Amino acid sequence: MKFLMLLLAAGLFRQIASAQDGYGSTSVYDRVVQLPTGKRFFIVPPTKEWNETEWRDSLYTFDSFQKGKLEMTNGFVPSHRPMLNYSPMNEGIVILPETGPAVAMRKSPAIKFVWIGDHKYINHPAFGFLEIVFAGKVSLARKQFMSGIYELSNGTKYSIRATNDITPAAYIRVPLKGTTRYYWIEERYFFVGEDMKVFRSTAASLKHLLPKQKSAIKAFSKSNHIDYRKKDEVLKMVVYANEVANSGSL
């Protein structure tokens, strides 16, 4: 038995070692991927970290910082109006002080809402800051975040978690500096109920928020082949669901 375990360990070591090539190392847990199509890529060369890139300070949701407003969970609204923006890389709100560089807003549970200009964000304990893109009996919210791929010198590409610029420690054996990294912005959508309950955008979660309209939602979703991952389609669905709910139809 001991001899068998040694053979298995040796085989695993060879499998891990075979993934090494020039610019970096990966583990057997990393998933080989290809670059997606139709995306704008933000590239980090092997000689730099992402925060050393020229595009780091321009990677925001809005073209410029806008006057913001906060509302706390106790209803208090501070009079100070900081200049704010949203960072998909950090998945959070960024503050631009009167002097000095932009800094990340602390994700405090005491914050209920944040406005960046006319754009309203809710602060959810699990999903973070979500922008309301349609307000109604059931609202639609989006979360912008970064996906990424790192490429070894042999051209093999692996997925990474962009937020920290590293994959979990158990899954990668060396830092990613030394690999070419490609980042792009993704969006995920959520349904927000009147009681501020938040669910990922799926057919089941929408019916859960509007149980009396379950049959109408199911029929509309099926006949229109709604893809709950696409903004235009999920927006079409939530607009219809609100119309049905407001009319009292079942």
Side-chain angles (χ1 to χ4, degrees), residues 31 36 38-39 61-62 66 68-78 84 86-88 90-93 105-147 159 161-163 184-250:
R31 182 167 57 91
K39 301 291 185 182
T61 295
F62 307 106
Q66 301 180 32
K69 182 176 74 171
L70 277 68
E71 181 177 331
M72 315 308 285
T73 53
N74 62 2
F76 175 67
V77 178
L84 304 177
Y86 179 86
S87 168
N90 295 321
E91 298 181 20
I93 307 293
M105 177 184 289
R106 187 166 62 92
K107 295 177 182 178
S108 169
I111 300 173
K112 185 176 184 180
F113 301 120
V114 177
W115 281 264
I116 301 178
D118 296 329
H119 301 268
K120 181 181 180 180
Y121 286 78
I122 65 171
N123 182 23
H124 189 270
F127 301 126
F129 290 106
L130 307 177
E131 181 189 359
I132 301 296
V133 294
F134 175 85
K137 191 177 184 70
V138 171
S139 298
L140 179 65
R142 73 169 178 172
K143 181 180 181 68
Q144 288 189 319
F145 61 98
M146 301 294 287
S147 283
S159 60
R161 176 165 175 74
T163 302
W184 64 92
I185 297 174
E186 296 274 15
E187 293 186 352
R188 186 174 292 138
Y189 299 97
F190 299 83
F191 295 129
V192 184
E194 289 182 308
D195 55 1
M196 293 298 292
K197 288 184 178 179
V198 178
F199 299 90
R200 293 183 186 273
S201 59
T202 66
S205 63
L206 185 56
K207 288 183 287 186
H208 176 76
L209 289 168
L210 297 172
K212 293 182 179 180
Q213 288 72 41
K214 180 168 60 175
S215 297
I217 291 170
K218 181 178 179 180
F220 186 90
S221 179
K222 184 176 181 180
S223 63
N224 288 274
H225 307 288
I226 297 297
D227 185 339
Y228 287 84
R229 298 166 299 177
K230 295 182 178 179
K231 181 180 179 180
D232 291 344
E233 295 190 26
V234 73
L235 180 58
K236 180 180 179 180
M237 182 71 251
V238 78
V239 167
Y240 171 78
N242 276 277
E243 290 174 349
V244 172
N246 292 330
S247 69
S249 301
L250 301 179

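Note that the structure is predicted; figures quoted are calculated from it, not measured. The analysis underlying the following values was restricted to heavy atoms, covering all of them including side chains, and did not include hydrogens, waters or symmetry mates.
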Task: Test item: Ile217 and Val244 side chains (from C-beta on) under 4.5 Å apart, heavy atoms - done: no
Task: Working for side-chain contact (heavy atoms from CB on, under 4.5 Å), residues Val234 and Phe191 - done: CA-CA 10 Å; Val234 73; Phe191 295 129; 3.7 Å; yes
- [ ] Check step by step if side-chain contact (heavy atoms from CB on, under 4.5 Å) holds for Met105 and Tyr86.
- [x] CA-CA 10 Å; Met105 177 184 289; Tyr86 179 86; over 6 Å; no
TODO: Return the minimal non-hydrogen interatomic distance between Ile185 and Pro88, and the atom names on each side.
DONE: CD1-CG, 4.1 Å
Task: Distance in Å, Asp227 CG paired with Lys236 NZ, rounded so as to fall on 0.5 Å steps - done: 12.5 Å
TODO: Write down the atom of Pro109, the atom of Thr73, and the distance for their closest heavy-atom approach.
DONE: O-CG2, 3.4 Å
TODO: Would you check, one step at a time, whether the test side-chain contact (heavy atoms from CB on, under 4.5 Å) holds for Trp115 with Gln66?
DONE: CA-CA 9 Å; Trp115 281 264; Gln66 301 180 32; over 6 Å; no
Task: Heavy atoms of other groups near Asp195 CG, more than 12 under 6.0 Å - done: yes
Task: Over 12 non-hydrogen atoms of neighbours within 6.0 angstrom of NZ in Lys137 - done: no
Task: Flag, side chain of Asn90 to backbone of Gly92, donor-acceptor distance under 3.5 Å - done: no
TODO: Starting at CD of Gln213, measure out to CD of Glu243 and round the result to the nearest 0.5 Å.
DONE: 12.0 Å
TODO: With rounding to the nearest 0.5 Å, note down the distance linking CZ in Arg142 to CZ in Phe190.
DONE: 12.5 Å
Task: Lys107 backbone acceptor or donor facing Asn123 side chain under 3.5 Å - done: no
TODO: Please report the shortest heavy-atom distance between Ala135 and Ser139, naming the atom on each side.
DONE: CA-OG, 3.4 Å
Task: Considering all heavy atoms, the nearest Gly68-Leu84 contact - done: CA-CD1, 3.7 Å
Task: Minimum heavy-atom distance between Lys230 and Tyr189, given as atom pair plus value - done: C-CE1, 4.3 Å
Task: Straight-line distance of Met146 CE to Gln144 CD, nearest 0.5 Å - done: 9.5 Å
Task: N/O donor-acceptor pair under 3.5 Å between Lys143 side chain and Phe127 backbone - done: yes
- [ ] State, yes or no, whether a side-chain contact exists between Glu186 and Lys39 at a heavy-atom distance under 4.5 Å.
- [x] yes
- [ ] Report yes if some heavy atom in the side chain of Asn74 is under 4.5 Å from a heavy atom in the side chain of Met72; otherwise report no.
- [x] yes
Open item on the list: To check you understand the geometry: which heavy-atom pair defines the closest contact between Val138 and Asn242, and what is its length?
Closed with: O-ND2, 2.9 Å
TODO: To the nearest 0.5 Å, tell me how far Met237 CE sits from Ile226 CD1.
DONE: 6.5 Å
Open item on the list: Below 30° counts as parallel, above 60° as perpendicular, anything between as tilted: where do the rings of Tyr240 and Phe220 land?
Closed with: parallel
Open item on the list: To the closest 0.5 Å, what do you measure between CD (Glu187) and CD (Glu131)?
Closed with: 8.5 Å
TODO: Answer yes or no: is there a side-chain heavy-atom contact under 4.5 Å between Val198 and Ile122?
DONE: yes
- [ ] Check step by step if side-chain contact (heavy atoms from CB on, under 4.5 Å) holds for Tyr228 and Arg200.
- [x] CA-CA 9 Å; Tyr228 287 84; Arg200 293 183 186 273; over 6 Å; no
